[in-house]
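In this chain, residues are counted from 1 in sequence order.
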Amino acid sequence: MKEGDLILVSAEATGLGKPMEAIIDKIETFMGQTLVTVTYTQPDALSGFGGCFVDSHITLSEKKAK
């Protein structure tokens with residue numbers, strides 16, 4: 001997993017009831033946890049533009065980012 005990768009953020013993490021496709025903006029470690037800041041590829045009024053999630057809620061997408 002690296003910056004620019006296309007990923008899926010789990011439905012549990014987003015709270016939207018469905019996984020959201022996103023692109024990784026930044027990866028950092030804070031207090032022993034890996035945090036991933038993302039921008040959604042198809043944001044809406046409920047999701048906002050993106051967020052920051054613990055890496056356990058991230059899955060690499062099978063599609064390739066452009």
Side-chain angles (χ1 to χ4, degrees):
M1 185 167 53
K2 63 186 181 310
E3 292 178 13
D5 280 354
L6 187 64
I7 53 96
L8 290 174
V9 180
S10 72
E12 294 82 13
T14 64
L16 299 172
K18 64 178 181 177
M20 293 288 291
E21 188 177 73
I23 295 176
I24 296 174
D25 292 325
K26 186 176 181 182
I27 300 172
E28 57 190 315
T29 303
F30 180 73
M31 295 184 70
Q33 293 287 324
T34 301
L35 303 176
V36 182
T37 303
V38 303
T39 300
Y40 296 131
T41 58
Q42 297 179 349
D44 59 31
L46 291 175
S47 70
F49 292 109
C52 185
F53 303 96
V54 176
D55 66 341
S56 62
H57 292 285
I58 304 293
T59 306
L60 285 174
S61 178
E62 294 182 11
K63 293 188 221 174
K64 295 289 182 187
K66 293 181 181 178

| query | Are any non-hydrogen side-chain atoms of L35 and V54 less than 4.5 angstrom apart? | reply | yes
| said: Less than 4.5 Å apart, side chain to side chain, heavy atoms only: is that true for I58 and M1? | reply: yes
| field | Closest non-hydrogen atom pair between E3 and K26, with its separation | value | OE2-CA, 3.8 Å
| message | Tell me whether the count of non-hydrogen atoms from other residues, nucleotides or ligands lying under 6.0 Å of CD in Q42 goes above 12. | response | no
| field | Contact check, side chains of C52 and T37, non-hydrogen atoms, under 4.5 Å | value | yes
| request: Indicate the atoms forming the closest heavy-atom contact of A11 with G17, along with that distance. | output: CB-C, 3.7 Å
| remark: Across all chains, not counting sequence neighbours, the side-chain hydrogen bond (donor to acceptor under 3.5 Å, both in side chains) partners of K2 are D5
| query | Considering only heavy atoms from C-beta outward, does the side chain of L46 approach that of L16 to under 4.5 Å? | reply | yes
| Same cluster (ILVMFWY, side-chain, under 4.5 Å), F53 and I24 | yes
| task | Please determine which of V38, V9, T41 meets the side-chain contact (heavy atoms from CB on, under 4.5 Å) test together with E21. | result | T41
| message | Quick check: closest heavy atoms across P43 and G48, and the distance to 0.1 Å? | response | CB-O, 3.0 Å
| Does the side chain of Y40 come within less than 4.5 Å of I23's, by heavy atoms? | no
| said: For A13, is there any backbone N or O sitting under 3.5 Å from a side-chain donor or acceptor partner on S10? | reply: yes
| task | Rounded to the nearest 0.5 Å, what's the gap from CD on E12 to NE2 on H57? Could you check? | result | 7.5 Å
